[in-house]
Amino acid sequence: MNEYEVMYMIKQNIEKEISKNKLFKLSVEEATLTVLQKVGVLYRVNHTAPLENIQEYLKKIVKTNKTQINESSFFQESVKWIFRWCTQYCGESSLIDKKEVLADDIYDLMGIAYSYDNFFKMWDLHRVKKIKYSKKANKITFDYKNEDVYRAHVLYDSFIREINYKKQIKELNSFEVNQDNIIEIMNHAHQMDFNCSFNIWFEGFTLEDYKFFSTAITEIFMHTMLSNMNRNNYIINPGSEGILCLQREEWINQLSVKSKLNYETVDNIIKFFTYDFSSHSSDISLSYFVPHSNNYLLVSEAVFSLSRPEVNAMRLLAKKSSVNYDRAQNNFENEEISFIKEKLNSKYLMTDNIDKSKKFRPGMDLLVYDKENNHLQVIELKFKIPIESTWDIIQLDKMLDKAYSQIEEAKQYTKINLSSILNEYFGEPYEHITPSKIDFFILTNYSVGTGIGVSLPTPILLIDHYIEVMKNIDGMEQVRTILNQKDKMLPGKQNKRYSRFSLLGNKILIPEYSIKI
């Protein structure tokens with residue numbers, strides 16, 4: 001067998017062992033309800049336990065030495081896989097009594113599912129030749145191809161994302177939280193995720209409609225939580241904890257009132273976000289309304305509250321291959337240009353209202369010129385919704401690989417037209433002026449990708465980072481310096497270790513990178 005067949009056989013054997021779990025002796029309906037009930041209790045307990053205790057418990061059930069387990073990822077990815085397995089392995093009727101499946105059985109299965117998710121991502125990336133592995137007995141060690149670039153990129157993404165996250169937390173911490181204003185603060189936190197400046201059409205509703213709709217669900221969960229408080233002590237109700245269970249008509253009526261949206265709009269939103277048990281690729285973190293008997297629909301607080309509403313809505317729109325997403329994709333790049341222009345210092349000259357002949361020129365979406373220093377930036381813009389799956393990673397890399405080719409084309413065009421480029425893009429006042437410095441690079445909104453097909457230093461930056469640097473007095477020169485540094489001038493020492501996952505008789509080692517400052 002070749003290396004791909006070996007890895008596929010390992011994956012099949014793991015799935016065969018998973019299929020024997022007693023949860024799957026229940027019907028799909030009973031199994032999924034049991035999972036959400038137990039998940040609701042675990043989610044609530046996690047809210048009250050110290051962080052170190054939570055991490056200790058999660059690492060124990062996952063059977064890993066990973067430095068830290070992201071709680072949102074743990075809940076979403078584990079429940080995602082368990083629901084898919086229920087669809088695949090459960091029958092129409094239960095073979096055992098539901099009471100035989102205990103809370104610890106579900107939590108152990110969540111640990112297996114989270115480990116499987118980490119393994120699956122490595123398997124999928126190996127399938128598309130981004131990963132290599134070595135196998136010795138039952139130990140499988142994964143490594144990234146072109147690791148130097150991958151390490152630089154993943155650390156850069158993580159570092160800038162952490163800075164942005166701390167800004168959001170700082171904003172939320174500026175509020176004084178008490179029982180009187182907690183709903184208002186939670187609604188504000190929920191709405192902070194919605195930052196798209198233009199409206200997007202879905203299937204019978206808009207992104208703005210969904211903002212009001214999802215905020216209304218957040219408010220219902222908060223009212224339910226507050227009703228279970230007794231003198232600052234929270235009373236956990238096993239069986240109903242962390243679950244909203246209403247008939248479809250009740251959902252529509254309640255959410256219409258709270259969101260002030262009409263009946264038809266709310267109905268369309270619910271349809272769009274309803275889980276499809278007939279599809280093996282359904283993702284409960286995206287389609288969080290779970291159909292149940294007698295026209296009931298369940299929503300898990302853990303799944304819903306830990307998701308990013310705007311991002312997940314767009315991910316689901318993209319997954320459905322909607323023409324509405326294709327239309328939105330074009331608007332996103334225009335939004336990026338508007339955002340950059342709004343944030344940058346007025347001393348910079350930027351292209352505006354580019355005519356059609358220039359607009360579709362590869363690698364030249366935006367030109368920024370510093371008159372004082374005769375310094376030009378030629379920029380290719382790429383927009384991507386936040387990546388969650390290996391499919392997202394693969395699509396992102398395809399998009400960025402194209403961008404790298406486009407800036408090479410931009411270099412060739414500029415080289416041939418060097419003496420006229422400023423005149424062509426900024427008008428007659430710049431006739432016969434040749435820029436003394438030119439930088440060609442890509443700006444993107446969320447991730448710079450794996451970089452597995454390119455070499456260091458890579459000509460790509462995140463937009464938020466670019467804007468912060470450009471605000472400095474010598475912004476353009478600093479951007480140039482960062483682009484020419486292999487590590488993009490990240491502070492501290494870069495470290496690598498392997499996260500070990502024990503997965504049904506297999507030891508899975510996955511590289512983990514960090515910066516020690």
Side-chain angles (χ1 to χ4, degrees), residues 70 72-73 76-77 121 124-125 128 130 144 149-150 152-165 168 193-202 207 210 281 283 285-286 307-340 343 362-366 379-407 441-454 458-468 483 488:
N70 181 284
S72 297
S73 176
Q76 291 187 323
E77 300 308 321
K121 285 175 180 174
D124 212 10
L125 291 173
V128 294
K130 293 182 182 293
Y144 288 89
V149 181
Y150 177 81
H153 276 210
V154 74
L155 290 175
Y156 174 71
D157 277 348
S158 301
F159 186 76
I160 301 302
R161 205 168 295 144
E162 181 67 17
I163 290 172
N164 293 337
Y165 174 73
Q168 287 187 322
D193 185 65
F194 289 84
N195 53 27
C196 184
S197 65
F198 61 93
N199 215 349
I200 299 173
W201 278 97
F202 287 74
L207 185 63
Y210 181 60
S281 64
D283 186 341
S285 64
L286 305 182
S307 68
R308 298 184 59 189
E310 180 183 81
V311 166
N312 280 14
M314 291 191 290
R315 284 184 65 219
L316 186 56
L317 189 66
K319 197 170 182 179
K320 293 188 176 190
S321 302
S322 169
V323 293
N324 289 329
Y325 181 77
D326 295 335
R327 293 186 189 121
Q329 189 75 25
N330 295 328
N331 287 330
F332 283 130
E333 289 179 11
N334 292 331
E335 185 182 61
E336 285 177 321
I337 293 173
S338 298
F339 181 69
I340 291 168
K343 299 294 183 182
M364 306 179 79
D365 288 332
L366 177 68
I379 301 168
E380 174 64 20
L381 288 163
K382 292 295 181 189
F383 179 92
K384 187 69 177 169
I385 55 177
I387 57 174
E388 301 291 341
S389 65
T390 48
W391 185 87
D392 293 329
I393 293 169
I394 292 164
Q395 296 306 309
L396 172 66
D397 278 354
K398 284 181 181 177
M399 181 183 75
L400 294 179
D401 285 345
K402 181 180 178 182
Y404 288 118
S405 299
Q406 288 174 315
I407 59 174
F441 56 96
I442 304 159
L443 287 181
T444 190
N445 63 308
Y446 182 76
S447 170
V448 293
T450 67
I452 284 172
V454 293
T458 51
I460 185 168
L461 294 174
L462 292 171
I463 290 175
D464 287 342
H465 182 214
Y466 167 78
I467 288 171
E468 284 304 309
L483 287 168
K488 300 194 187 297

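A quick note: this is a predicted structure, and the numbers were derived from the prediction, not measured. All heavy atoms count here, side chains included; hydrogens, waters and symmetry mates do not.
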Not counting sequence neighbours, which residues clear salt bridge (charged side-chain N to carboxylate O under 4.0 Å, His left out) with Lys382? List them please.
->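 So Lys382 forms a salt bridge (charged side-chain N to carboxylate O under 4.0 Å, His left out) with Glu380.
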Under the salt bridge (charged side-chain N to carboxylate O under 4.0 Å, His left out) test, which residues partner Asp397, sequence neighbours left out?
->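 Asp397 satisfies salt bridge (charged side-chain N to carboxylate O under 4.0 Å, His left out) with Lys130 only.
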Between atom [atom1] of [X] and atom [atom2] of [Y], what is the distance when rounded to the nearest 0.5 Å?
X      : Y      : atom1 : atom2 : answer
Arg315 : Ser389 : CZ    : OG    : 5.5 Å
Leu400 : Ser405 : CG    : OG    : 11.0 Å
Ile393 : Ser447 : CD1   : OG    : 8.0 Å
Phe441 : Ile379 : CZ    : CD1   : 4.0 Å
Asp124 : Thr390 : CG    : OG1   : 3.5 Å
Ile463 : Ile160 : CD1   : CD1   : 13.0 Å

Short side-chain to backbone donor-acceptor contact, [X] and [Y], under 3.5 Å:
X      : Y      : value
Asp365 : Leu381 : yes
Asn312 : Ser285 : yes
Tyr156 : Leu462 : yes

Testing the basics here: between [X] and [Y], what is the closest heavy-atom pair and its distance to 0.1 Å?
X      : Y      : value
Pro309 : Tyr210 : O-CE2, 3.4 Å
Ala313 : Phe202 : O-CE2, 3.4 Å
Leu317 : Trp201 : CD2-O, 4.2 Å

Only counting residues at least two apart or in another chain, list the ones meeting side chain to side chain contact (heavy atoms under 4.5 Å, CB included) with [X].
X      : answer
Ser72  : Asn70, Leu306
Lys384 : Ile387, Gln395, Leu396, Met399, Asn445
Val149 : Asn146, His153, Val454, Leu456, Thr458

Do Leu443 and Glu336 have side chains that get closer than 4.5 Å, going by heavy atoms?
->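 No; the side chains remain at least 4.5 Å from each other.
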Do Ile442 and Leu461 have side chains that get closer than 4.5 Å, going by heavy atoms?
->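 Ile442 does not reach Leu461 side chain to side chain.
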For Glu162, side-chain hydrogen bond (donor to acceptor under 3.5 Å, both in side chains) partners two or more places apart |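 Glu162 satisfies side-chain hydrogen bond (donor to acceptor under 3.5 Å, both in side chains) with no other residue.
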For Glu77, what residues pass the side-chain hydrogen bond (donor to acceptor under 3.5 Å, both in side chains) criterion, not counting sequence neighbours?
->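 Scan of Glu77 (side-chain hydrogen bond (donor to acceptor under 3.5 Å, both in side chains), adjacent residues dropped) gives Lys80.
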With [X], which residues qualify under ring pair (Phe, Tyr, Trp, His ring centres under 6.0 Å), at least two apart?
X      : answer
Tyr446 : none
Phe383 : Phe332
Tyr144 : Tyr150

CA sep, side-chain torsions, deciding dist, call: Asp283, Lys319, side-chain contact (heavy atoms from CB on, under 4.5 Å) = CA-CA 10 Å; Asp283 186 341; Lys319 197 170 182 179; 3.8 Å; yes
Determine, using ring centers only, whether Phe159 and His465 are less than 6.0 Å apart.
->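 No, they do not, as the ring centres are separated by 6.0 Å or more.
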